[in-house]
Amino acid sequence: VSDEVIVEEVSLNGTINPLRESRISPAVAGLLEAVRADTGDQVSKGDILVELDSEQAVYELAAARAEVSQARELLSEAERRLAEAQSVGAGRNIAATEVRSRESEVVSAQAAVARLEAELNRMEVRIRRHSVQAPFAGVVSARSSDLGEWVTPGDELLRLVDTTNLRLDFQVPQNYLNRLDERSRLLVRHGESLIEAAISTRVPITDPQARTFLLRALPPEATE
C-alpha cells in the first residue's frame, strides 16, 4: 500500500478570444470618401482606415485662421495705443479716463484673440477627425460601409480585432470552482502534443443555465 496523489483529468472545449475588438466609427458626421482597409487586412496602430470628405471643413479652417490673424492685429494696435498713452502720462497730456479706456480695449482684444484661437484649435481637431485611425494593431474582421455613404458618430464602419493579445476561454463545470489551486494544470492540445497554458484568471460567476464558470488562460508561446 502506498500514498499517491490522485489526479483527476477533465476534458474541456475552449475558445480563442481577443482581448480587444473595436467597432470603428467616426467622431464627426460626413460623406465617406475613402476606405483604406478591407476585411482580412492587417493594420498597424495609427494607420488611416477611413477618410471623410473634409472640403467644407478646410474652408472653415481657413476662415478661422484669417479671423485669428485679424484679431492679433487689432490686439497689437490696441497695445500700441495703450503704450503711447502711458508714455505721455495720464493727467498731463491725456485724460486718465482715456488711458483706462485704452486699457479696456487691450483686455477686450486679448479676450477676442483667446476666443478665436480656441475656435481655431477646435477646427483643427475637427479636420483631423475626418481621418479615422486604427487604435491598435490587428486584423479587420468586417466592413460595414462603402464610398459615398453619409455616416454619423456611432455608425460602425469597420470592426478591428487585436490578434496579438489573445486569451483562451473555457467553460468549466461549477463543481470544480473551489477545487482549482496552484497545483492545477491546464494542458492545451496543439497538433499531436499537449502544451501547458498558464491560467490567468477564473471568473467565479456561474452560469445558472449551464452550471459553468469561466476559466481564462494565456495561450502557450509555442502556439502563437
Side-chain angles (χ1 to χ4, degrees), residues 10-54 124-174 176-177 180 182 184-210 212-224:
V10 180
S11 297
L12 302 171
N13 291 323
T15 305
I16 300 177
N17 293 319
L19 278 186
R20 295 183 293 184
E21 181 178 1
S22 178
R23 292 172 172 83
I24 305 298
S25 62
V28 296
L31 196 66
L32 202 57
E33 187 176 70
V35 180
R36 304 195 179 280
D38 208 341
T39 304
D41 288 351
Q42 180 82 39
V43 299
S44 301
K45 181 179 179 180
D47 286 353
I48 295 178
L49 304 179
V50 172
E51 289 182 320
L52 304 180
D53 180 20
S54 59
E124 290 175 343
V125 170
R126 185 182 176 192
I127 287 288
R128 291 196 297 269
R129 288 182 176 178
H130 280 70
S131 296
V132 181
Q133 298 180 344
F136 52 82
V139 173
V140 177
S141 63
R143 172 177 167 178
S144 308
S145 302
D146 213 335
L147 302 181
E149 294 184 19
W150 181 265
V151 295
T152 59
D155 291 345
E156 181 178 327
L157 307 179
L158 302 168
R159 188 169 299 182
L160 184 63
V161 176
D162 183 1
T163 56
T164 59
N165 295 292
L166 303 176
R167 294 296 181 266
L168 305 178
D169 290 342
F170 300 89
Q171 292 298 326
V172 184
Q174 64 181 9
Y176 290 99
L177 178 61
L180 290 174
E182 65 277 359
S184 301
R185 299 175 63 204
L186 178 63
L187 301 178
V188 179
R189 183 171 297 281
H190 182 58
E192 299 297 325
S193 59
L194 292 175
I195 304 175
E196 185 170 359
I199 298 175
S200 62
T201 185
R202 55 180 176 173
V203 182
I205 301 177
T206 59
D207 185 337
Q209 308 250 341
T212 61
F213 68 93
L214 175 64
L215 180 69
R216 175 163 287 179
L218 303 175
E221 294 183 2
T223 62
E224 295 180 351

query: Do you know which two heavy atoms are closest between A197 and A217, and how far apart they sit?
result: CB-CB, 4.4 Å
- prompt: Roughly how far, to the nearest 0.5 Å, is CG of L19 from OG1 of T163?
  reply: 11.5 Å
query: Out of V161, N165, L160, which residue meets the side-chain contact (heavy atoms from CB on, under 4.5 Å) rule with P18?
result: V161
field: T152: partners by side chain to side chain contact (heavy atoms under 4.5 Å, CB included), with sequence neighbours left out
entry: A29, W150, D155
query: In this structure, are over 12 heavy atoms from other groups packed under 6.0 Å from R185 atom CZ?
result: no
Sub-4.5 Å side-chain heavy-atom contact between L180 and F213: yes
message: Measuring from atom CG of L186 to atom CG of L12, what distance do you get when rounded to the nearest 0.5 angstrom?
response: 7.5 Å
- request: Taking all non-hydrogen atoms of both residues into account, name the closest pair between V151 and P26 and its distance.
  value: CG2-CG, 3.9 Å
query: Hey, what do you get for CG (D162) to NZ (K45), rounding to the nearest 0.5 Å?
result: 11.0 Å
query: At what distance, to the nearest 0.5 angstrom, does CG of D169 lie from CG of N13?
result: 13.0 Å
message: Taking CZ in R36 as the centre, count heavy atoms belonging to other residues, nucleotides or ligands within less than 6.0 Å. Is the count above 12?
response: no
- line: Closest non-hydrogen contact found for E192 with R189 is O-NH1, 4.0 Å
field: Within-4.5 Å side-chain heavy-atom neighbours: L218 and L168
entry: no
statement: Scanning both residues in full, the closest heavy-atom pair of E33 with D53 reads OE2-OD1, 3.6 Å
message: Could you report the tightest heavy-atom contact between L31 and G148, atom names first, then the distance?
response: CD1-O, 3.2 Å
query: About how many Å separate OG of S145 and CG of L158, when rounded to the nearest 0.5 Å?
result: 7.5 Å
Result block: side-chain N/O donor-acceptor pairs under 3.5 angstrom for residues 125-139, not counting sequence neighbours:
| from | atom 1 | to | atom 2 | distance (Å) |
| --- | --- | --- | --- | --- |
| R126 | NH1 | E60 | OE1 | 3.1 |
| H130 | ND1 | R126 | O | 2.8 |

query: Which distance, rounded to the nearest 0.5 Å, do you find between the CG of L147 and the CD of E51?
result: 11.0 Å
message: If I compare all heavy atoms of I199 with all of S184, which pair ends up nearest, and what's the gap?
response: CD1-O, 4.4 Å
query: If we only count heavy atoms from C-beta on, is the V50 to I24 side-chain gap below 4.5 Å?
result: no
Atom CG of L187: over 12 foreign heavy atoms under 6.0 Å: yes
- prompt: Short question: side chain of T201, backbone of R216 - any donor-acceptor pair under 3.5 Å?
  reply: no
